[in-house]
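Per chain, numbering begins at 1; letters A, B, ... match sequence-line order.
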Amino acid sequence: MPELPEVETTRRGIAPHVCGRRIDGLIVRQRRLRWPVPADLGQHLEGRRIDAVGRRGKYLLLSLGTGTLIIHLGMSGSLRILRRPDPPGPHDHIDLLLEDETRLRFTDPRRFGAWLWSAGTAAQHPLLATLGPEPLETGFNAGHLHALARRRRSAVKSFIMNSRVVVGVGNIYANEALFRAGIHPARAAGRISLARYERLVEAIKTVLREAIDQGGTTLRDFVDGEGRPGYFRHNLQVYQRGAQDCPRCGAVIRESRIGQRSSYFCARCQR
DNA sequence: AGAGGTACCTGGCAGC
DNA sequence: TGCTGCCAGGTACCTC
């Protein structure tokens, strides 16, 4: 699933094709996603023009003036621009029909994604109301992390994957950022110094920026707005590299489960 | 308040 | 080859 870099790659890919365009219709072939697609969604969309494509965490936000179409890609979702109405595959659940025959097609084999409507601004929607800061903005800093972590005993990896702490950091980039920062993923969040949180914040920002530059990470499903995969997979240093050599020190990369998620780390470099 | 487990889905893969 | 069990990029919701 798409983490922040994949969602941002999608946003950048679709924005030029949908911004300013009028919505002519909505085809919902499968209503049962993470939540049911609202039965009246099409009525909110048809005839409206898309003003902007924004992002908050892993949520894509299509602003229509009268409200916001909120799209989440879940674990396996992707959005593509179609210039002609290609016949839908079994997991092509939704087409947003735009003027000039353009379509925005939503594909999601696992159906953990979501298409929701928010009247007014997206920030008012309950799903977005409790989200933490954006990792690439200044509100995300070591002081914020260090203060929030006080007395918390959960693993720092689970801590930075908590969307109330910071948005957009999923399993791949949590593993990669902790490796770059030299912090053991199982270390209690409340037992990390401010100085080490400085390193972690820098690592998170850097790894996310680099991944965005590479068009995200494609493990299986992810494609950008043009149907192309992301290439950051070649830059992963620990994720899915259990039993291989640590690229920094040569020790064997270890694999374990933390908070029910696969975790990869070098026990020599990360403390 | 925080931590941990469960649930929602499909598909690919390893092992038998 | 086919079956079974496990695993996968997320996250809301429940219980303790």
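- OP1 or OP2 of B:dG5 lies within a sub-4.0 Å distance of a side-chain N or O belonging to A:Gln260.
- Across B:dA1 and C:dT11, the matching P atoms stand 23 Å from one another, rounded to whole Å.
- Stacking of the aromatic ring of A:Phe112 onto the base of C:dT11 is not found under the criterion of centres within 5.5 Å and planes under 30°.
- Between A:His72 and the phosphate of C:dG10, there is no side-chain N or O to OP1/OP2 separation shorter than 4.0 Å.
- If you check the side chains of A:Tyr173 and A:Thr217, you find a donor sitting under 3.5 Å from an acceptor.
- A salt bridge does not link A:Arg180 to A:Glu176: none of the charged side-chain nitrogens sits closer than 4.0 Å to a carboxylate oxygen.
- Checked against C:dA12, C:dG10, B:dC9, the side chain of A:Met161 finds its nearest nucleotide in C:dG10.
- For A:His91 and B:dC9, the shortest distance from a side-chain N or O to OP1 or OP2 is not below 4.0 Å.
- Contact annotation: A:Arg261 side-chain N/O to C:dG10 OP1/OP2 distance is under 4.0 Å.
- Heavy-atom nearest nucleotides on DNA chain B were determined for A:Leu33 and for A:Arg220, and the one closer to the 5' end corresponds to A:Leu33.
- In DNA chain B, runs of at least 3 stacked Watson-Crick or G-U pairs (N1-N3 plus N6-O4 or O6-N4, or N1-O2 plus O6-N3, all under 3.5 Å) give these stems: B:2-8 with C:10-16, B:10-16 with C:2-8.
- Within the 4.0 Å cut-off from OP1 or OP2 of B:dA3, at least one side-chain nitrogen or oxygen of A:Ser154 is found.
- Side-chain proximity of A:Arg153 to the nucleotides B:dC9, C:dG10, B:dA3 is greatest for B:dA3.
- For a distance-only test at 3.5 Å, the side chain of A:Arg110 qualifies as a donor-acceptor partner of the base of B:dC9.
- For the residue pair A:Asp221 and A:Ser76, no side-chain donor N or O sits within less than 3.5 Å of a side-chain acceptor on the partner.
- A:Arg111 has a side-chain polar atom (N or O) that falls below the 4.0 Å cut-off from OP1 or OP2 of B:dT10.
- Atom CZ of A:Arg32 is surrounded by 12 or fewer heavy atoms from other residues, nucleotides or ligands within 6.0 Å.
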